[in-house]
Undergrad: 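Sending over a structure as structure tokens; questions will come in a sec.
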Amino acid sequence: MGAILEIKHVSKFFGGLAANADVSFEMAEGMIMGLIGPNGAGKTTLFNCITGYYPPSRGEVLFKGMRMNGLEPNRVCRLGMARTWQKVRPLAKMSVLDNVMVGALCRTNSLTIAREMALEQLRVVRMESKADFLAGGLPIGERKKLEVARVLATKPELLLLDEVMGGLNPAESEEIIQLILDIRKRGVTQMVIEHDMKAIMRISDRIVVLNSGEKLAEGSPEEIVTNQAVIDAYLGSEH
Ligand SMILES: Nc1ncnc2c1ncn2[C@@H]1O[C@H](COP(=O)(O)OP(=O)(O)OP(=O)(O)O)[C@@H](O)[C@H]1O
Ligand SMILES: [Mg+2]
């Protein structure tokens, strides 16, 4: 069985700064990959390179064997890859339902079908009672869940979650963890950026650690928490 995602020697330069430096790894279908590392390690930049938002300066990204370098985000979404944003930015003056419909419209031109698809995903994140609320007025926990519902409505095969638990209280984080595990049961492959090590340990099949743009380590959660280089660069100081 081939990998759903292959990252091959990806580098991304901003002027003289290598935000990603020769990063390579693969993801098998259906798995959850944790992506961790200190602030500024290059995690979000790697998401941007994977989803075509930035073309990598060097190297390539293959999704289901297709080269993604520099494809338009809309095209990437239709091919089956969707990401959330670390800084959630819902369409504030639109309703919660309309925000999720924007995701569904990647799959259909019918507003009726998009509405049904959006309602289904609002039920998944347990926000159906908020469908008519303005997205801009939601508290952070619900904005994060709305973001997840919006990307789920695009019917992705690969979902990339950028700190969806950031800023949430323990109960809200637990809800997101259960959501991620439910999404895995439905066969969707996921890459998850998160600083909360307890959460990452629980949900990840494997973990990649970035540090100063480079891949510092890759392995099972047990291998990563006992890896001396990872402890020195990340776990020892912050956790
Ligand atoms: N558009 C950009 N232009 C210039 N520099 C950038 C740009 N985007 C990111 N960087 C730089 O690239 C480096 C990696 O940033 P990135 O946001 O990918 O880190 P991160 O691992 O996601 O960090 P955090 O945990 O804080 O979200 C940082 O030094 C950042 O300042
Ligand atoms: Mg980031």
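Note that ligands are numbered from 1 as they come in the structure, with each ligand's atoms numbered from 1 the same way.
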Undergrad: Could you tell me the residue and atom name of the protein heavy atom closest to atom 25 (O) of ligand 1, and the distance to it rounded to 0.1 Å?
TA: Lys43 NZ, 2.7 Å
Undergrad: Under a 4.0 angstrom heavy-atom cut-off, which atoms of ligand 1 come close to Thr45?
TA: 9 (C), 14 (C), 15 (O), 16 (P), 18 (O)
Undergrad: Please confirm whether Phe14 comes within less than 3.5 Å of ligand 1 when only nitrogen or oxygen atoms on both sides are compared.
TA: no
Undergrad: Taking atom types as modelled, is there a side-chain donor on Asp162 or Thr44 under 3.5 Å from an acceptor on the other?
TA: yes
Undergrad: Find all atoms of ligand 1 within a distance of less than 4.0 Å from any non-hydrogen atom belonging to Glu163, and give their numbers and elements.
TA: 25 (O), 27 (O)
Undergrad: If you have a sec, work out which protein heavy atom is nearest atom 26 (O) of ligand 1 and how many Å separate them, to one decimal?
TA: Asn39 ND2, 3.0 Å
Undergrad: Under 4.0 Å from a heavy atom of His195: which atoms of ligand 1 are those, numbered in the order shown and with their elements?
TA: 25 (O)
Undergrad: Are there more than 12 heavy atoms of other residues, nucleotides or ligands under 6.0 Å from atom CZ of Arg115?
TA: no
Undergrad: Within ligand 1, which atoms have a heavy atom of Gln86 less than 4.0 Å away?
TA: 27 (O)
Undergrad: Kindly compute the distance separating CD1 (Ile36) from CE (Met201), expressed to the nearest 0.5 Å.
TA: 9.5 Å
Undergrad: Give a yes or no answer on whether the side chain of Arg107 reaches the backbone of Thr154 with a donor-acceptor pair at less than 3.5 Å.
TA: yes
Undergrad: Assess the residue pair Gln228 and Asp232 against the criterion (side chain to side chain donor-acceptor pair (under 3.5 Å)); give the C-alpha distance rounded to whole Å, side-chain angles, the decisive distance to 0.1 Å, and a yes or no.
TA: CA-CA 6 Å; Gln228 195 56 49; Asp232 291 345; 3.0 Å; yes
Undergrad: Heavy-atom distances under 4.0 Å are what count here, so tell me which part of Leu17 touches ligand 1: side chain, backbone, both or neither.
TA: side chain
Undergrad: Using a distance threshold of 2.8 Å, state whether an N, O or S atom of Thr44 lies below it from the Mg ion (ligand 2).
TA: yes
Undergrad: Students should be able to answer this: which protein heavy-atom is nearest to atom 23 (O) of ligand 1, and at what distance?
TA: Gly40 N, 2.8 Å
Undergrad: Check this for me - ligand 1, Gly42, N or O atoms closer than 3.5 angstrom, yes or no?
TA: yes
Undergrad: Determine if the distance from atom 31 (O) of ligand 1 to the closest protein heavy atom is below 4.0 Å.
TA: no
Undergrad: Considering only heavy atoms, does Phe47 approach ligand 1 within less than 4.0 Å through its side chain, its backbone, both, or neither?
TA: neither
Undergrad: Quick one: which ligand 1 atoms are inside 4.0 Å of a heavy atom on Tyr54?
TA: 1 (N)
Undergrad: Indicate, with yes or no, if the rings of Tyr54 and Phe13 have centres closer together than 6.0 Å.
TA: no
Undergrad: Does ligand 1 come near enough to Gly37 that some N or O of the ligand is less than 3.5 Å from an N or O of the residue?
TA: no
Undergrad: Apply the side-chain contact (heavy atoms from CB on, under 4.5 Å) test between Val188 and each candidate in Ile32, Leu159, Ile180; give the one that qualifies.
TA: Leu159
Undergrad: Closest non-hydrogen protein atom to atom 17 (O) of ligand 1, residue and atom name please, with distance?
TA: Thr44 CB, 3.8 Å
Undergrad: Between Gln178 and Asp182, do the side chains contain an N or O donor and an N or O acceptor separated by less than 3.5 Å?
TA: no
Undergrad: So that I can tick it off, tell me whether Glu120 and Lys155 are bridged by a salt bridge, with the cut-off set at under 4.0 angstrom between side-chain N and carboxylate O.
TA: yes
Undergrad: Please state whether the separation between the Mg ion (ligand 2) and some N/O/S atom of Gln86 is under 2.8 Å?
TA: yes
Undergrad: How far apart are the C-alpha atoms of Glu175 and Lys145, what are their side-chain angles, what is the distance that settles it, and do they pass the salt bridge (Lys or Arg N to Asp or Glu O under 4.0 Å) test?
TA: CA-CA 9 Å; Glu175 218 183 321; Lys145 288 202 294 181; 2.8 Å; yes
Undergrad: Please work out which of the three classes, parallel, tilted or perpendicular, describes the rings of Tyr53 and Trp85, given edges at 30° and 60°.
TA: perpendicular
